[in-house]
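Note that the structure is a prediction, hence the values are computed from the model and not measured. Note that the numbering runs from 1 along the sequence shown for the chain.
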Amino acid sequence: MQLSPLQSRLAASLIATCLLIALYLTLFTPHFALAETLLQEALPPILDDLDHDLELELDLQAAPTQQHDPTYEPEFAAFDRSIIGRAPVGVMSLTNNVEMSLNVEPGSTQVFVFELSATSGEERNDIRELRRGTDTGDLPGDALEELEEERRVERRQSGRTVYISANTCEQPQRKTRSNSDQGPPQLTLYVSTDASNESPGPQADASTQVTFNFTEGAIMYNLTTERPVFIGVHASNASAEFQGGYNFRVAASTDTFFHSYSTEEDADLILVDTDSQGALLMTHNLTDSSDPVLHDRIMATQPYVMFAQNEKEGSINGVRQSYCGLQVYAQIAATKDGKSANMVKTAMTKRGPGKLPKQQFYFTGLNASADYIGILAQNGNLTNVGNGKPGGGGHVFRATAFTTKRDNGNCAIIQNLQFCDEVAYSVPSNPSFGDTEKLAEFYDSYASEVFENFKKVMAQVPCEAPNVQRYSLVRNCSDCNAAYKEWLCSVAIPRCEDFSNSTDTYHPRALSQPFPNGERLDAEILGKFPNLTAYNSSRNPRIDEVIRPGPYKEVLPCDDLCYALVQSCPSSLDFSCPRPGDAGFSSSYATRVPGQLSCNYQGSAHLVSGAGRMGEIGYMSSWVAGLSLGASLVMAGVI
Ligand SMILES: *[C@@H]1O[C@H](CO)[C@@H](O)[C@H](O)[C@H]1NC(C)=O
Ligand SMILES: *[C@@H]1O[C@H](CO)[C@@H](O)[C@H](O)[C@H]1NC(C)=O
Ligand SMILES: *[C@@H]1O[C@H](CO)[C@@H](O)[C@H](O)[C@H]1NC(C)=O
Ligand SMILES: *[C@@H]1O[C@H](CO)[C@@H](O)[C@H](O)[C@H]1NC(C)=O
Ligand SMILES: *[C@@H]1O[C@H](CO)[C@@H](O)[C@H](O)[C@H]1NC(C)=O
Ligand SMILES: *[C@@H]1O[C@H](CO)[C@@H](O)[C@H](O)[C@H]1NC(C)=O
Ligand SMILES: *[C@@H]1O[C@H](CO)[C@@H](O)[C@H](O)[C@H]1NC(C)=O
Ligand SMILES: *[C@@H]1O[C@H](CO)[C@@H](O)[C@H](O)[C@H]1NC(C)=O
Ligand SMILES: *[C@@H]1O[C@H](CO)[C@@H](O)[C@H](O)[C@H]1NC(C)=O
Ligand SMILES: *[C@@H]1O[C@H](CO)[C@@H](O)[C@H](O)[C@H]1NC(C)=O
């Protein structure tokens, strides 16, 4: 735990603080509630026990993330209020879109008030914005005035929607470490707009307030009112296994939730692939627009952050939907100055169908065969970050679960290839061959070699000829080149899965060869597979000669890549795709199944919706002999 400068000072001079408060009490004799609040602010939970204090120091070193909001501004607290004299004593007043960070001890309640008049500045902003809208020439001045007046009246009559949100940043911790258990009790939110209840909480009349438990450290609640909104945040007594108090942030807004989390079913983060010590994840398309200027603008940003956690580690239990809670408790935080941030590299990319901007996260240093969750989050909402900005408190998306591969060490993620620039998945590998850059270079140079040969053949096709002489009116040579490249990169760079993976469309390869650690498959296991080249070697013999990955499963290329090739290229090239049931069908290609990674294509990932079912597989017939590398490549897959 870390103390804000204010709190450190107070901690350092505890006695002085007590004297000060005593003096304050004698001089001003404020209500007891106020004194209590002050004490709570002044004395973090740990100060009543010196041993805890020591522990705190240690924690500090282990987790340099901040715990108490540095932006916490005491001027919003008790002093101001009593001077202004508007809010009841002991009740802190909230400013529109400004979060307040506070501690709350188990068994106690912190009370806030949000008054709509505090938003008048905001209203002026709205109107300014409205005017700005007319600069683009929509409304004449008169109409604008009318609209403004209308809005004002509307607001006065029907009240405004107030969005209340809060996040738990710290929570009591178990005295003895235990990973799988539940977190401490969630905080509870009480909201009252009833004149008779200015101190909502467990003691107040239940009929004058609404009550919600936080969910995984977060709460979002909106209501429409024209009255001051009283908000109580209560911490119930935790069981004796826990120690420490809570720290939370609360905000009210008339615009939108300051803190938010996703409630939709769909995962917001897409798993591209894993290997035994890493994972590659990416966001959805960040825009549907094909405007290159917008693309450039988006590509220059990195709008998201990410948290990851080994499922065995229980530290985030109870705060999985809280941005600041994740920042404090997540094992890996891909945020600025986040915990173990060196385990994550993030970048913008346009890989994948549609070639639209996305952000990707590449994790390394994970444990093999381990279950993780990745949680995508946004610090603010792209444009608005921090206090004073609607939605500036951050957004937490739904978690995505993923499992790293087993530690056979023979599948490794490669990416950033020069020629096959859409490749970003696990390929057959062997730690003794070299690092992933060298591995990427091996596969990429092989594919581009084959492509060079293909270009020589294409040189004889009349591409630039007038329409009548061209091979097709709808497809031209660039289409053919693109289709060939897409097919080639998928076929020449096999997508690797653990040998132990039981998905039945994945094809076992190189079974008769040793794993990188020298072990071989038992004769018993080997006996279950046909003694055929398609099983006892890789699709491309070079992989077995140079990389020597040993047994793995290949996610076969999608059959539609072959159809696209046949359709896009001149018939004189004589490409053809075999039919289902042809010999070797099932060892060459697989069919897309929506929602599954049933086959490989450039830019494929988990949980993508496929393009519907088609049938058949593909190979290229004898003319390809001219492309010697291509031929062996294809033939190996077809046997
Ligand atoms: C919570 O604990 C305090 C002090 O231990 C006690 O006074 C209070 O009654 C407890 N509250 C509840 C609801 O159990
Ligand atoms: C909040 O959680 C407590 C403890 O789990 C439960 O007793 C209570 O009914 C919940 N309250 C609401 C409003 O869901
Ligand atoms: C809360 O917000 C939602 C969505 O913005 C809206 O549908 C709902 O009517 C609001 N509730 C109140 C009480 O304003
Ligand atoms: C991105 O957009 C393209 C084209 O609309 C679509 O095919 C693709 O599935 C989208 N990708 C993601 C990850 O949402
Ligand atoms: C890997 O496993 C060890 C032992 O179980 C654990 O201490 C460590 O936190 C794990 N690391 C990651 C990144 O999951
Ligand atoms: C961020 O929030 C503001 C205020 O609600 C909104 O105007 C803006 O469009 C939001 N930006 C994004 C990228 O969602
Ligand atoms: C080939 O056709 C595509 C449209 O199918 C077109 O965009 C492209 O410019 C054409 N290329 C050449 C070299 O004509
Ligand atoms: C097999 O691989 C697929 C794709 O990577 C993955 O979704 C699935 O969980 C794996 N199954 C097993 C049993 O490892
Ligand atoms: C597979 O067949 C080859 C020759 O056809 C033979 O030499 C080899 O021993 C066989 N392997 C197994 C495991 O049966
Ligand atoms: C693989 O199978 C083929 C075909 O049966 C056989 O000729 C070859 O010897 C086998 N290779 C190994 C290493 O078992």
Side-chain angles (χ1 to χ4, degrees), residues 2 62-67 69 167 169 216-218 259-262 267-286 298-317 319-352 357-367 370-382 385-386 391-404 413 415-416 424-425 436 605-607:
Q2 187 176 315
T65 34
Q66 55 74 253
Q67 309 255 319
D69 190 356
N167 276 357
C169 304
E216 286 292 330
H259 313 93
S260 56
Y261 59 87
S262 289
D268 292 292
L269 194 60
I270 299 163
L271 175 62
V272 179
D273 210 347
T274 60
D275 57 22
S276 56
Q277 58 231 310
L280 185 65
L281 299 112
M282 68 180 187
T283 65
H284 284 275
N285 299 323
L286 297 183
I298 295 176
M299 293 298 281
T301 64
Q302 285 187 353
Y304 294 96
V305 298
M306 207 191 132
F307 302 97
Q309 178 91 359
N310 190 322
E311 284 277 34
K312 284 210 190 93
E313 293 279 332
S315 63
I316 60 168
N317 289 348
V319 294
R320 286 166 190 248
Q321 291 176 340
S322 159
Y323 189 94
C324 62
L326 288 169
Q327 181 88 352
V328 171
Y329 293 113
Q331 205 179 4
I332 305 170
T335 60
K336 196 165 160 278
D337 307 323
K339 226 183 290 175
S340 303
N342 59 336
M343 290 167 74
V344 199
K345 287 199 184 79
T346 183
M348 301 300 291
T349 178
K350 288 192 193 174
R351 272 198 304 264
K358 313 166 186 57
Q359 188 173 352
Q360 72 166 34
F361 296 87
Y362 178 50
F363 286 82
T364 52
L366 305 182
N367 289 345
D371 295 329
Y372 287 87
I373 58 161
I375 302 175
L376 189 71
Q378 221 172 4
N379 186 10
N381 80 347
L382 286 195
V385 180
H395 183 82
V396 176
F397 293 88
R398 276 188 73 87
T400 299
F402 61 92
T403 305
T404 50
I413 295 173
Q415 54 173 330
N416 302 330
Y425 49 79
T436 50
H606 291 255
L607 297 172

> Is a donor on one side and an acceptor on the other found under 3.5 Å between the side chain of Lys339 and the backbone of Gln327?
Replying inline: no
> Between CZ of Phe402 and CG of Leu269, what distance do you get to the nearest 0.5 Å?
Replying inline: 8.0 Å
>> Applying side-chain contact (heavy atoms from CB on, under 4.5 Å), can you list everything that pairs with Ser340, at least two apart in sequence or on another chain?
In response: Ile332, Asn342, Met343
> Of His284, Met282, Met348, Lys350, which meets side chain to side chain contact (heavy atoms under 4.5 Å, CB included) against Lys358?
Replying inline: Met282
>> Whether the side chain of Gln277 engages the backbone of Leu366 through a donor-acceptor N/O pair (distance < 3.5 Å, no angle test) should be reported.
In response: no
> Closest approach of Thr283 and Ile270, non-hydrogen atoms and distance?
Replying inline: O-CD1, 4.1 Å
>> Test your reading of the model: is there a side-chain donor-acceptor pair from Ser315 to the backbone of Tyr329, 3.5 Å cut-off?
In response: yes
> At their closest point, which heavy atom of Ile298 faces which heavy atom of Pro357, and how far apart are they?
Replying inline: CG2-CB, 3.8 Å
>> So which atom in Ala333 and which in Ala341 form the shortest heavy-atom distance, rounded to 0.1 Å?
In response: O-CB, 3.6 Å
> Rounded to the nearest 0.5 Å, how far does CD of Glu311 lie from CD of Gln331?
Replying inline: 10.5 Å
>> Suppose we screen for side-chain hydrogen bond (donor to acceptor under 3.5 Å, both in side chains). Which residues come up paired with Thr403, at least two apart in sequence or across chains?
In response: Asp371
> Excluding sequence neighbours, so at least two apart, what forms ring-ring contact (aromatic ring centres under 6.0 Å, His included) with Tyr362?
Replying inline: none
>> Test of understanding: with ring-ring contact (aromatic ring centres under 6.0 Å, His included), list the residues that count as partners of Tyr261, not counting sequence neighbours.
In response: none
> Taking only residues two or more places apart in sequence, or in another chain, which ones meet Asn416 in a side-chain contact (heavy atoms from CB on, under 4.5 Å)?
Replying inline: Arg351
>> Using the side-chain hydrogen bond (donor to acceptor under 3.5 Å, both in side chains) criterion, which residues pair with Thr349? Sequence neighbours excluded.
In response: none
>> Between Met306 and Val344, is there a side-chain heavy-atom distance shorter than 4.5 Å?
In response: no
>> Once side-chain hydrogen bond (donor to acceptor under 3.5 Å, both in side chains) is applied, do any residues pair with Ser276, and if so which ones, sequence neighbours excluded?
In response: none
> Can you name the nearest heavy-atom pair linking Asn167 to Gln321, along with the distance?
Replying inline: OD1-O, 4.1 Å
>> For the CD atom of Gln359 and the CG atom of Leu286, what is their distance to the nearest 0.5 Å?
In response: 7.0 Å
>> So, taking the atom named CD in Gln309 and the one named CG in Leu326, what distance separates them when rounded to the nearest 0.5 Å?
In response: 8.5 Å
> Which value, rounded to the nearest 0.5 Å, describes the distance between Asn379 atom CG and Gln302 atom CD?
Replying inline: 13.0 Å
>> My understanding is that only residues two or more places apart in sequence, or in another chain, count here; which of them pass side-chain hydrogen bond (donor to acceptor under 3.5 Å, both in side chains) with Thr404?
In response: none
> Can you name the closest pair of heavy atoms from Gly217 and Ser322 and give their distance?
Replying inline: O-CB, 3.2 Å
>> To check you understand the geometry: which heavy-atom pair defines the closest contact between Gly393 and His259, and what is its length?
In response: O-CD2, 3.8 Å
>> If the condition is salt bridge (charged side-chain N to carboxylate O under 4.0 Å, His left out), which residues does Asp275 pass it with, not counting sequence neighbours?
In response: none
>> Within the structure provided, determine whether Phe363 and Leu281 are in side-chain contact (heavy-atom separation under 4.5 Å).
In response: yes
>> Set out, in order, the CA-CA distance, both residues' side-chain angles and the distance that settles side-chain contact (heavy atoms from CB on, under 4.5 Å) for Ile373 and Ile316, then state yes or no.
In response: CA-CA 11 Å; Ile373 58 161; Ile316 60 168; 3.8 Å; yes
> With sequence neighbours excluded, what pairs up with Asn367 under the side-chain contact (heavy atoms from CB on, under 4.5 Å) test?
Replying inline: Asn310, Ala370, Tyr372
> Rounded to the nearest 0.5 Å, what separation is found between the NE2 atom of His395 and the OH atom of Tyr304?
Replying inline: 8.0 Å
>> Listing request: all salt bridge (charged side-chain N to carboxylate O under 4.0 Å, His left out) pairs with a residue in residues 301-310, at least two apart in sequence or in separate chains.
In response: none
